[in-house]
A.B. asks: 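Take a look at this one; I'll ask things after.
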Amino acid sequence: MSNRPVRVRFAPSPTGPLHIGGVRTALYNYLLARKLGGTMILRIEDTDQNRFVPGAEDYIRESLEWVGIELDESPWKGGPHAPYRQSERKPMYREYADQLIRDGYAYYAFDTPEELDAMRERLQAAKVPNPQYNSITRAQMRNSLTLPEDEVKQLLDSGAPYVIRLKVPRKEEVRFQDMIRGWVVVHSSAIDDKVLMKSDGMPTYHLANIVDDHLMDISHVIRGEEWLPSAPLHVLLYRYLGWEKTMPQFAHLPLLLKPDGTGKLSKRDGDRLGFPVFALEWHGTDAETGEPTVSRGYREEGYLPEALVNFLAFLGWNPGTAQEIFSMQELIEAFSIERVSKSPAKFDQNKVKWFNEHYLRAKSDAGLAPYLLGALAEHGLACDQAKAEQIVAVMKERVSFPQDFWQEARYFFEAPTSYDEQVVAKKWNPQVSAALAAYADALPDNSEPSANAEVLKALFTQTVEAQGMKPGQVLQALRVAATGAAAGPDLFETLAILGTGEVARRLRTAVERLG
RNA sequence: GGUCCGUUCGUCUAGGGGUUAGGACAGUAGAUUUUCAUUCUACCAACAGGGGUUCGAUUCCCCUACGGACUACCA
């Protein structure tokens, strides 16, 4: 291989939100670039004006920023090969299409959509194994290969609509080496005369992609497996354009599959299966009804970007060691294309959740406190930083998502309005009630949160035993009386955070209400 | 239909001509926690099938089955 500079690109179409398969493709490109000291480029492939979706480009940008993929060259940042939007590069492609025609590798085709349909129907009816516009069928069509020269010229001059097609050879083996799959060999008869230039003057993906990758000096093309069948076509294009010696290396990544059943993960699966398929929430429009739609996003559901990245990196790649927790930096160091697997991977919701829990627990209390503080502010509740940190500290082992803090810690801010019925039925009785009343009286009569868990526990034991009972008989009732819940973090830690005045108040309320 | 790609526990995967086929997630059980969660321990669980090659194949080759992608003037 050559030792030319490593330059990779992620080249999405702005046709909607970027799903996690796309994020993974971007991630692998990024990891390789950083690993090899190369350059990460983002190019927007917006040659299909009909499918352009407003906002999609910003969405892609925001998604990549959120997961921590940095771009060295992009439409927003610019770079030595600007512009980075294909729509803005439109004038550049024509020249290469013309070059191909001049060199006899491409031709004009004037067939109408109706004529093309008729051709396919005819082929299908004749049971032709692979109906396509190719070295055989083009002889029956209206193109610059079949029409007299002067008629072609006249059509061109008259402004008749036409496309430019690649003239794929009849019998030739096209081969290339894929970094993941090894040698891939396809016979040219299986490739059709692909349209290179559309009648609207825009190039198709195939032409634009090759021209841009060449002009941008791309060294490695890392993309999804859905591109594997057209890779031989691309190889032909490099050859005919005279760029074969600088053709990038290809790596076709295994697809991401639906968690259930089969098929590649698609936009709709998220709603159907109840998990996000997008990095960020997406507000779109239903294609049929025109109704506004909302698609769930990992960010909005409380996933930490480092968890998503770690999970995605392991879907189709592994370091070959037992280590599973990797920061972005560690991924960069460990990554290699050779260890990307060939077979597709099903998406596993449990595993992402596990990663998320891991990263959540790894965060500092100070880092977690804002999540709780934010939710409190939304509910019009105040809380100081120190208390918020105490709460997340006792809670973080028992939550999966940041938003759970508020759900699980609600009773720290609001006195219980109901009590867990099972515990009440099982543990509550007049004797217990009396013990709790005594404990309420014994608590220091102020709301200073000075008393620590140990002190409160000792006081509890002492009080309960003075009533002729064992702590175990009353403990559950104490939790329910103070928090309303049957389960939670260490009870006396909880009470200490609550403050003795508040605890005493809650106990008296419970005694009154439960008898 | 055609072309191409793929196939190890339920899932993500390691491994590789001779292994008790390893790990992680999930699941189950137990320990700890007078709760729940955490943590710890154990258990459950896989080489798609058939032919070769070989002393020996899950590993190499072929076929079959199954799965997937592609097959547009979409990317």
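All values below come from the heavy atoms of this structure, side chains included, with hydrogens, waters and symmetry mates left out. Being a predicted model, the structure only gives us computed values, none of them experimental. Residue numbering restarts at 1 for every chain, and letters A, B, ... go by the order of the sequence lines.
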A.B. asks: Over 60° means perpendicular and under 30° means parallel, so tell me whether A:H234 and A:Y205 are parallel, tilted or perpendicular.
C.D. replies: tilted
A.B. asks: Can A:R43 be said to sit on top of A:F10's aromatic six-ring, NZ or CZ under 6.0 Å from centre and within 45° of the ring axis?
C.D. replies: no
A.B. asks: Using purine N1 to pyrimidine N3 plus N6-O4 or O6-N4 for Watson-Crick, or N1-O2 and O6-N3 for G-U wobble, each under 3.5 Å, what pairs with B:G18?
C.D. replies: B:C55
A.B. asks: Do A:R181 and A:H252 pair up side chain to side chain, a donor and an acceptor below 3.5 Å, judged on atom types alone?
C.D. replies: no
A.B. asks: Which residue lies toward the 5' end of RNA chain B, A:F347 or A:P12, if each is placed at its nearest nucleotide?
C.D. replies: A:F347
A.B. asks: As a test of reading the structure: which of B:A75, B:G68, B:C73 is closest to the side chain of A:V163, going by heavy atoms?
C.D. replies: B:C73
A.B. asks: Pick the P atom in B:G15 and in B:U7, then give their distance to the nearest Å.
C.D. replies: 13 Å
A.B. asks: Residues two or more places apart in sequence or in another chain: which of them pass side chain to side chain donor-acceptor pair (under 3.5 Å) with A:T137?
C.D. replies: A:N134
A.B. asks: Please pick, from B:U11, B:G68, B:A75, the nucleotide with the shortest atom-to-atom distance to any side-chain atom of A:K346.
C.D. replies: B:U11
A.B. asks: Can you check whether any acceptor in the base of B:C5 is under 3.5 Å from a donor in the side chain of A:R181, or vice versa?
C.D. replies: no
A.B. asks: Could you identify the nucleotide paired to B:A65, looking across every strand shown and requiring Watson-Crick or G-U wobble geometry with both distances under 3.5 Å?
C.D. replies: B:U7
A.B. asks: Measure up the A:W317 and A:F335 rings against each other and bin them: parallel (under 30°), tilted (30 to 60°), perpendicular (over 60°).
C.D. replies: tilted
A.B. asks: When you measure from the side chain of A:T47, which nucleotide among B:A75, B:U38, B:C4 comes out closest?
C.D. replies: B:A75
A.B. asks: Return the nearest nucleotide to the side chain of A:K264; candidates are B:C73, B:U35, B:A69.
C.D. replies: B:A69
A.B. asks: For A:Y93 and A:D212, does a side-chain donor sit closer than 3.5 Å to a side-chain acceptor?
C.D. replies: yes
A.B. asks: Can you classify the ring geometry of A:F460 versus A:F492 as parallel (below 30°), tilted (30 to 60°) or perpendicular (above 60°)?
C.D. replies: tilted
A.B. asks: Using purine N1 to pyrimidine N3 plus N6-O4 or O6-N4 for Watson-Crick, or N1-O2 and O6-N3 for G-U wobble, both under 3.5 Å, which nucleotide pairs with B:U38?
C.D. replies: none
A.B. asks: Across nucleotides 24-31 of chain B, 5' to 3', mark each nucleotide with B, S or - according to how protein heavy atoms within less than 4.0 Å reach it.
C.D. replies: BSS-----
A.B. asks: Looking at the base of B:C70, is there any donor atom on it, or on the side chain of A:S230, that sits under 3.5 Å from an acceptor on the other one?
C.D. replies: no
A.B. asks: Mind checking what makes ring-ring contact (aromatic ring centres under 6.0 Å, His included) contact with A:F275, not counting sequence neighbours?
C.D. replies: A:F347
A.B. asks: Pull out every protein N or O sitting under 3.5 Å from an N or O of nucleotides 1-3 of chain B, one pair per line with the distance.
C.D. replies:
unit_1 : atom_1 : unit_2 : atom_2 : d
B:G1   : N2     : A:P129 : O      : 3.3
B:G2   : O4'    : A:P129 : O      : 3.4

A.B. asks: May I ask you to decide if the ring planes of A:F401 and A:Y303 are parallel, tilted or perpendicular, using 30° and 60° as cut-offs?
C.D. replies: perpendicular
A.B. asks: Polar atom pairs between nucleotides 57-67 of chain B and protein, under 3.5 Å, N or O only, would you list them?
C.D. replies:
unit_1 : atom_1 : unit_2 : atom_2 : d
B:G67  : O3'    : A:T262 : OG1    : 3.4

A.B. asks: Which nucleotide in the set B:A75, B:U34, B:U35 lies at the smallest distance from any side-chain heavy atom of A:A487?
C.D. replies: B:U35
A.B. asks: With respect to the side chain of A:A345, which nucleotide from B:C12, B:A75, B:U38 is positioned closest?
C.D. replies: B:C12
A.B. asks: Side chain of A:R339, heavy atoms from C-beta onward: which of B:A14, B:C4, B:A75 has the nearest atom to it?
C.D. replies: B:A14
A.B. asks: Is there a Watson-Crick or G-U wobble partner for B:C70 with both distances under 3.5 Å, and if so, which one is it?
C.D. replies: B:G2
A.B. asks: Cation-pi check, A:R24 to A:Y28: give yes when NZ or CZ is under 6.0 Å from the six-membered ring centre and within 45° of the ring axis, no otherwise.
C.D. replies: yes
A.B. asks: Could you tell me the separation between the CE atom of A:M202 and the CG atom of A:L207, rounded to the nearest 0.5 Å?
C.D. replies: 12.5 Å
A.B. asks: Suppose we screen for side chain to side chain contact (heavy atoms under 4.5 Å, CB included). Which residues come up paired with A:E95, at least two apart in sequence or across chains?
C.D. replies: none
